[in-house]
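Any value given below was found using the heavy atoms of this structure, including those in side chains, with hydrogens, waters and symmetry copies removed. Nothing here was measured: the structure is a model prediction, and the numbers come from that model.
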Amino acid sequence: MHYRPGLDARPLPYDPFKSCTVPRPIGWLSTVDAEGRANLAPYSQWQNVTFDPPMVMFAANVTPDGRRKDTVLNAEETGWFVWNMATWDLREAVNISAMELPKGEDEFLKAGVTKAPCIDAPGPRVAESPCHFEVKWLTTTRFPGGKAGPVDVVFGEVKRIHVRDDVVTAEGRLDIPKIRPIARMGYYDYTVVTETFEMRIPGASAAVADGLEGRS
């Protein structure tokens with residue numbers, strides 16, 4: 001089976017594209033608008049771009065009525081957005097924050113999570129989340145879309161990282177099985193990380209574990 005997206009009739013009732021690049025980390029992003037009103041929303045098109053300097057990106061399609069997403073507008077207006085790690089314990093709050101609410105309505109209150117102040121970013125972070133990035137907005141690139149309309153791809157540089165002390169192991173690593181991050185699997189499906197395994201690149205130095213890229 002094969003087909004050309006956007007050109008051929010899809011041979012499956014559900015889009016396989018969204019379930020091939022999995023699991024996808026969730027960009028649970030908090031922002032404020034120019035008036036200081038908080039917004040919280042999850043994005044499944046979220047990823048690290050590079051590590052030196054640490055940069056991230058997320059993609060946001062326009063709303064069904066053609067409006068740009070509040071998260072994108074807020075990031076551009078204030079120059080900041082905040083990533084909050086989505087975990088198993090916070091899964092219901094993440095899902096509630098995906099609801100389409102009127103502009104200015106506070107998703108923190110709707111989702112029942114607590115606001116914690118940031119240091120550099122003007123908006124709050126989710127206090128119950130174990131890890132956060134305060135991200136300086138760099139640029140937004142708009143791409144033409146298909147039936148879903150145009151998509152804004154937002155890039156930012158991580159200026160401050162928050163990690164809760166109780167999720168750090170004695171060796172100084174994040175305790176991922178304890179944190180239990182959730183990730184998107186496409187459709188309405190998600191997964192949760194409950195175990196990890198290690199593979200070391202043959203002949204690689206210990207520095208590779210800290211994120212240094214190979215030369216080949």
Side-chain angles (χ1 to χ4, degrees), residues 24-60 69-91 93-94 97-98 106-109 111-141 152-184 193 207-213:
R24 296 195 301 277
I26 296 172
W28 199 21
L29 305 180
S30 51
T31 56
V32 290
D33 63 16
E35 299 177 35
R37 296 176 296 183
N39 181 271
L40 179 65
Y43 290 84
S44 64
Q45 310 296 336
W46 157 271
Q47 192 54 266
N48 289 2
V49 177
T50 185
F51 59 86
D52 185 21
M55 294 173 58
V56 295
M57 59 77 63
F58 71 95
K69 294 289 179 66
D70 289 342
T71 303
V72 177
L73 294 173
N74 292 350
E76 292 176 349
E77 287 178 0
T78 66
W80 291 89
F81 58 96
V82 178
W83 171 78
N84 307 272
M85 183 178 278
T87 67
W88 172 257
D89 290 340
L90 292 168
R91 66 192 184 280
V94 173
S97 69
D106 194 332
E107 287 87 358
F108 279 83
L109 295 176
V113 292
T114 310
K115 294 174 184 173
C118 290
I119 297 174
D120 301 307
R125 53 197 172 101
V126 177
E128 292 82 358
S129 179
C131 305
H132 313 85
F133 296 162
E134 296 186 40
V135 186
K136 180 70 174 174
W137 174 81
L138 293 176
T139 188
T140 302
T141 300
D152 290 317
V153 181
V154 180
F155 296 89
E157 182 177 344
V158 178
K159 291 296 188 180
R160 192 175 297 272
I161 297 174
H162 301 257
V163 177
R164 208 170 62 209
D165 292 342
D166 68 303
V167 298
V168 178
T169 68
E171 296 78 24
R173 298 186 180 190
L174 289 184
D175 192 340
I176 296 300
K178 179 178 181 179
I179 294 172
R180 295 191 294 174
I182 59 174
R184 190 72 185 272
V193 181
V208 173
D210 198 37
L212 297 182
E213 294 288 347

statement: Separation between CG (Leu138) and CZ (Phe155), nearest 0.5 Å, reads 9.5 Å

- request: With sequence neighbours left out, write down each residue that passes side chain to side chain contact (heavy atoms under 4.5 Å, CB included) with Ala98, or none if nothing qualifies.
  value: Pro42

Closest non-hydrogen atom pair, Thr50 against Pro53: CG2-O, 3.2 Å

query: Closest approach of Ala86 and Trp28, non-hydrogen atoms and distance?
result: CA-CE3, 4.2 Å

message: Holding to side chain to side chain donor-acceptor pair (under 3.5 Å), I want the full list of residues that pass it with Thr71, two or more places apart in sequence or in another chain.
response: Asn39, Tyr43

field: Nearest heavy atoms of Val56 and Val49, plus distance in Å
entry: C-CG2, 3.7 Å

Val158, Asn48, Ile161 screened by side-chain contact (heavy atoms from CB on, under 4.5 Å) with Pro54, the one that passes: Val158

Reported CG-to-CG distance for the pair Asp70 and Leu40, which is rounded to 0.5 angstrom: 12.0 Å

task: Quick one: list whatever passes side chain to side chain donor-acceptor pair (under 3.5 Å) with Thr31, sequence neighbours left out.
output: Asn74

message: Between Asp120 and Arg160, does any NZ, NE, NH1 or NH2 come within less than 4.0 Å of an OD or OE carboxylate oxygen?
response: yes

statement: Between Lys136 and Gly79, the two heavy atoms sitting closest are CD-O, 3.3 Å

- prompt: Residues in side chain to side chain donor-acceptor pair (under 3.5 Å) with Trp137, at least two apart?
  reply: Thr140

Pairs of donor and acceptor atoms involving the side chains of residues 121-129, under 3.5 Å and at least two apart or interchain, shall be tabulated with distances.
unit_1	atom_1	unit_2	atom_2	d
Arg125	NE	Pro117	O	3.1
Arg125	NH1	His132	ND1	3.3
Glu128	OE1	Thr114	N	3.0
Glu128	OE2	Thr114	N	3.2
Glu128	OE2	Thr114	OG1	2.6
Ser129	OG	Met85	N	3.0
Ser129	OG	Met85	O	2.7
Ser129	OG	Cys131	O	3.3

message: Between Glu107 and Ala41 (side chain of the first, backbone of the second, donor and acceptor by atom type, cut-off under 3.5 Å), is there such a pair?
response: no

message: Using modelled atom types and a 3.5 Å cut-off, is there a donor and acceptor pairing between side-chain atoms of Lys69 and backbone atoms of Asp152?
response: no

message: Please give me the minimum heavy-atom distance between Val32 and Ala38, naming the atom from each residue.
response: CG1-CA, 3.9 Å

field: Point-to-point distance, once rounded to the nearest 0.5 Å, from CZ of Arg180 to CG of Leu90
entry: 10.5 Å

- request: Give a yes or no on whether a salt bridge exists between Glu35 and Arg37, defined as a side-chain N under 4.0 angstrom from a carboxylate O.
  value: yes

Nearest-0.5 Å distance, CZ of residue Arg24 to CD1 of residue Ile182: 12.5 Å

message: For the NE2 atom of His162 and the CD1 atom of Ile119, what is their distance to the nearest 0.5 Å?
response: 4.5 Å

- request: Would you indicate whether the side-chain heavy atoms of Trp83 and Phe58 approach each other to under 4.5 Å?
  value: no

- prompt: Who pairs with Pro177 by side chain to side chain contact (heavy atoms under 4.5 Å, CB included), at least two apart in sequence or on another chain?
  reply: Asp175, Thr196

task: To the nearest 0.5 angstrom, please state how far the CG atom of Asp89 sits from the CD1 atom of Ile179.
output: 11.0 Å

